[in-house]
Trainee: 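Sharing a structure with you now.
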Amino acid sequence: MAAAAPATSPAQDYDAIVIGAGLSGMYQLYRLRELGMRARVLEAGTNVGGTWYWNRYPGARFDSESYSYGYSFSRELLQEWEWSEHFAGQPETLRYCNYVADKFDLRRDIQFRSRVTAAIYEEPSRSWRITLEDGSHFRSRFLITAIGPLSTPTLPRIEGRDSFQGKSFHTARWPHEPVDFAGKRVAVIGTGATGVQTIQTIAAEVGRLTVFQRTPNWCAPLHNGKIDAGTQQKIKAGYPEMFARCQETFACFIHTPDPRGALEVSDKEREAFYEKLYSERGFGIWQGNFRDILIDREANATISDFVARKIRARVRDQKVAEKLIPRNHGFGTRRLPLETFYYEVYNRDNVELVDITETPIERITPEGIRTSAAEYQFDIIIYATGFDAITGSFDRIDFRGANGACLKDKWKRGPQTYLGLMVDGFPNMMMLMGPHTALGNIPRSIEYSVDWVTGLIRFARDNGLTRLEATPAGVESWTDHVKALGAGLLSNEVNSWMTGINSNVEGKQTRIVARYSGSAPAYRARCDEVAANGYRELALG
Ligand SMILES: Cc1cc2nc3c(=O)[nH]c(=O)nc-3n(C[C@H](O)[C@H](O)[C@H](O)COP(=O)(O)OP(=O)(O)OC[C@H]3O[C@@H](n4cnc5c(N)ncnc54)[C@H](O)[C@@H]3O)c2cc1C
């Protein structure tokens with residue numbers, strides 16, 4: 001094995017360096033190659049896939065319809081690849097990522113086991129000097145971050161965590177080998193989208209399952225199913241229309257809101273509509289609901305009440321049902337977990353729900369978990385405690401821009417960006433799926449952003465430009481715009497990763513506007529306009 005490079009080793013030179021080999025980084029590499037650039041992707045993991053490489057926990061799967069999630073850029077790929085389920089599980093999605101990497105021969109320009117720790121802009125050469133954990137260096141004119149909105153896991157700040165003598169796993173750092181749950185006493189801490197998927201998957205397999213819940217989330221049925229041959233054919237034939245539809249919808253999903261307000265219809269009609277949505281696949285109940293459920297409190301109360309009734313009907317013990325019904329936020333104002341018999345898990349004799357707002361966890365002990373009310377013994381503790389979202393992966397790299405400016409300091413009170421793609425003071429750095437971009441059905445946004453960045457780099461090449469920078473005015477105006485869009489949204493009045501809150505991360509206790517909450521078509525229109533005007537809004541040199 002090669003020894004770690006000494007700190008003084010000469011930097012390897014590239015035209016463009018991409019950090020991260022998830023869907024964003026892989027596609028960016030493909031486009032950079034088309035431009036004929038010498039490009040390198042630096043990836044901390046040992047293989048491609050990003051989210052789908054790291055999140056191997058039991059039950060990990062899409063909430064986006066598989067066929068609406070895959071890349072759309074290659075017709076050949078679309079026709080070759082067959083999704084087996086409407087919502088594919090993680091192993092299949094990881095196979096897909098590997099298939100793409102092989103098909104387009106991406107791996108030869110991806111360097112694995114390469115965690116970037118610092119990136120420093122050097123004005124004389126108008127390039128970035130990039131440092132890896134092992135001390136090796138790279139130099140590149142352009143730096144493109146593809147480090148993931150949900151890729152830095154966080155563990156809860158509970159005393160005694162390291163003293164536990166059983167096995168413990170964070171869901172996003174799941175081992176590559178299977179974990180044997182048979183007969184085991186298992187704890188799951190966390191009931192977000194990941195916790196829900198894990199709990200419903202392992203409940204029948206474990207000896208005993210204890211779920212530690214702080215904030216219940218509103219969940220709705222996924223209604224997954226296999227894709228039969230006839231449907232497969234229809235999907236393949238209908239790709240152009242489906243992707244065209246994704247381009248038109250608010251968040252790039254195949255679902256689009258109903259133009260009616262929730263209170264504009266009769267009670268009977270509203271109930272029937274909710275029943276229909278509850279019985280259909282996927283995010284329709286969230287993204288295809290009445291147009292005002294996420295902005296109007298009264299409208300939101302009608303769907304919250306409907307789903308609360310469903311929870312009460314599905315959970316036998318009404319005391320448990322009440323604990324599973326969220327009280328501090330309305331339906332859909334946090335990321336909606338989709339579930340498969342999640343609520344029925346709590347009807348099992350081997351499952352217990354512990355509400356840690358009533359009986360807080362005091363510490364992790366060598367044997368298990370102690371709450372204010374009881375001592376629990378476990379063989380396995382699963383932390384489904386999520387991510388330091390959106391800005392977390394940026395905070396872990398020492399980005400220094402022109403004049404030594406530190407990105408983490410600049411974003412202390414919340415991110416400031418130009419189109420979510422660039423930052424003033426950080427020339428030649430472009431961000432994919434960073435703060436202030438449209439996320440939604442994320443690969444659709446990835447393809448757009450990668451194409452935009454590629455267009456900008458092509459423009460620089462064609463015009464002999466070596467320095468591209470957002471202006472302070474451009475950043476101020478976009479940041480104000482993003483904040484204004486967030487005003488009035490019920491989701492921005494709720495603590496969640498989407499508002500930058502993470503009680504397990506120091507300095508992330510104040511709400512910020514971390515993501516763009518306007519429509520994806522409006523986002524693209526604005527970015528297209530900038531490109532069409534010859535990027536005049538940037539400082540070009
Ligand atoms: C469990 C789960 C389920 C999801 N389901 C959906 C879904 O159904 N629909 C949807 O639209 N989105 C979903 N998402 C969001 C998902 O993150 C995106 O869809 C998409 O995969 C993001 O791709 P990316 O390449 O931008 O980031 P990622 O896939 O997160 O990849 C980022 C990569 O950057 C690497 N990296 C980070 N920092 C460094 C560093 N300093 N040095 C080197 N490498 C680094 C990471 O190792 C990682 O491989 C889900 C996320 C999770 C966690």
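Note that the structure is predicted; figures quoted are calculated from it, not measured. As the structure lists them, so they are numbered: ligands from 1, and atoms in each ligand from 1. FYI, side chains are in, hydrogens and waters are out, and symmetry mates aren't considered; it's all heavy atoms of this structure.
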Trainee: Out of Ala251, Ser64, Ser114, who is nearest to atom 43 (C) of ligand 1 when you count heavy atoms only?
Mentor: Ser114
Trainee: Are any of the N/O atoms in Ser151 less than 3.5 Å from those in ligand 1?
Mentor: no
Trainee: Which atoms from ligand 1 have a heavy atom of Ile397 less than 4.0 Å away?
Mentor: 41 (N)
Trainee: Should Phe87 be listed as contacting ligand 1, given a heavy-atom distance under 4.0 Å as the test?
Mentor: no
Trainee: Using a strict 4.0 Å cut-off to heavy atoms of Phe62, name the atoms of ligand 1 that fall inside it.
Mentor: 8 (O)
Trainee: Any Lys/Arg nitrogen of Asp15 or Arg38 sitting under 4.0 Å from an Asp/Glu carboxylate oxygen of the other?
Mentor: yes
Trainee: Would Met433 count as being in polar contact with ligand 1, using the rule that some N or O on each side must be under 3.5 angstrom apart?
Mentor: no
Trainee: Between Tyr343 and Asn217, what is the shortest heavy-atom contact and its length?
Mentor: OH-O, 3.7 Å
Trainee: Just to confirm my output: which protein heavy-atom neighbour is closest to atom 1 (C) of ligand 1, and how far is it?
Mentor: Tyr57 OH, 3.3 Å
Trainee: Among pairs that include at least one residue of residues 386-395, which meet side-chain hydrogen bond (donor to acceptor under 3.5 Å, both in side chains), considering only residues two or more places apart or in two chains?
Mentor: Ser151-Ser393, Thr152-Ser393, Asp388-Arg396, Asp388-Lys508, Thr391-Lys508, Asp395-Lys508
Trainee: Report, in ascending order of atom number, the atoms of ligand 1 lying under 4.0 Å from any heavy atom of Asn441.
Mentor: 11 (O)
Trainee: I'd like to know whether ligand 1 has Ala146 as a neighbour, heavy-atom separation below 4.0 Å.
Mentor: yes
Trainee: Could you tell me whether some N/O pair between Ile19 and ligand 1 is separated by less than 3.5 angstrom?
Mentor: no
Trainee: Just which atoms of ligand 1 are under 4.0 Å from any heavy atom in Phe387?
Mentor: 53 (C)
Trainee: Looking only at distance, does Ile442 have an N or O less than 3.5 Å from an N or O of ligand 1?
Mentor: yes
Trainee: Salt bridge check: are Glu43 and Arg113 linked by an N-O gap of less than 4.0 Å?
Mentor: no
Trainee: What protein heavy atom sits nearest atom 52 (C) of ligand 1, and how far off is it?
Mentor: Thr51 CG2, 3.5 Å
Trainee: Going by the rule side-chain hydrogen bond (donor to acceptor under 3.5 Å, both in side chains), which residues pair with Tyr342 if we only count those two or more places apart in sequence or in a different chain?
Mentor: Tyr346
Trainee: Considering heavy atoms of the protein only, find what lies nearest to atom 27 (O) of ligand 1 and give residue, atom and distance to 0.1 Å.
Mentor: Gly148 CA, 3.2 Å
Trainee: Where do Thr194 and Gln197 land on the side chain to side chain donor-acceptor pair (under 3.5 Å) test, with the steps shown first?
Mentor: CA-CA 5 Å; Thr194 286; Gln197 289 184 335; 5.2 Å; no
Trainee: So which of Ile446, Leu42, Ile147, Val450 gets nearest to atom 23 (O) of ligand 1, if we judge by its closest heavy atom?
Mentor: Ile446
Trainee: Would you mind checking which non-hydrogen protein atom is closest to atom 42 (N) of ligand 1, with the distance to 0.1 Å?
Mentor: Val116 N, 2.9 Å
Trainee: Flag atom 14 (N) of ligand 1 as yes if some protein heavy-atom distance to it falls below 4.0 Å, otherwise no.
Mentor: no
Trainee: Can you tell me the protein heavy atom closest to atom 24 (P) of ligand 1 and the distance?
Mentor: Ser24 OG, 3.5 Å
Trainee: Give the minimum heavy-atom separation between His170 and Thr154, together with the two atoms involved.
Mentor: NE2-O, 3.1 Å
Trainee: Over all heavy atoms of both residues, which pair between Ile130 and Ser140 is shortest? Give the atoms and the distance, please.
Mentor: CD1-CB, 4.3 Å
Trainee: Of Trp52, Phe253, Tyr69, which has the heavy atom at the shortest distance from atom 5 (N) of ligand 1?
Mentor: Trp52
Trainee: Identify the heavy atoms of Gly25 and Val18 that sit nearest to each other, and give their distance.
Mentor: CA-CG1, 3.8 Å
Trainee: Is Arg139 salt-bridged to Glu122, going by a charged N under 4.0 Å from an acidic O?
Mentor: yes
Trainee: Work out whether the distance between some heavy atom of Gly440 and some atom of ligand 1 is less than 4.0 Å.
Mentor: yes
Trainee: Over all heavy atoms of both residues, which pair between Thr249 and Cys246 is shortest? Give the atoms and the distance, please.
Mentor: OG1-O, 3.3 Å
Trainee: To check your reading of the model: name the closest protein heavy atom to atom 49 (O) of ligand 1, its residue, and the distance in Å.
Mentor: Glu43 OE1, 2.7 Å
Trainee: For residues Phe426 and Arg400, report the shortest heavy-atom separation together with the two atoms involved.
Mentor: CE2-C, 3.9 Å
Trainee: Before accepting this row, confirm whether a basic side-chain N of the pair Arg335/Asp63 lies closer than 4.0 Å to the acidic partner's carboxylate O.
Mentor: yes
Trainee: Can you find an N or O of Asp63 that's nearer than 3.5 Å to an N or O of ligand 1?
Mentor: yes
Trainee: Looking at Trp54, Tyr57, Tyr53, Phe169, which one forms a ring pair (Phe, Tyr, Trp, His ring centres under 6.0 Å) with Trp174?
Mentor: Phe169
Trainee: Quick one: look up the protein heavy atom nearest atom 31 (O) of ligand 1 and list residue, atom name and how far away it is.
Mentor: Gly50 CA, 3.5 Å
Trainee: For ligand 1, which atoms have a heavy atom of Gly20 less than 4.0 angstrom away?
Mentor: 33 (C), 34 (O), 35 (C)
Trainee: Is there a side-chain contact between His223 and His86, using heavy atoms and a 4.5 Å cut-off?
Mentor: no
Trainee: What protein heavy atom sits nearest atom 44 (N) of ligand 1, and how far away is it?
Mentor: Ala44 N, 3.1 Å
Trainee: Please report whether ligand 1 has a polar contact with Trp54, defined as an N or O pair separated by less than 3.5 Å (distance criterion only).
Mentor: yes
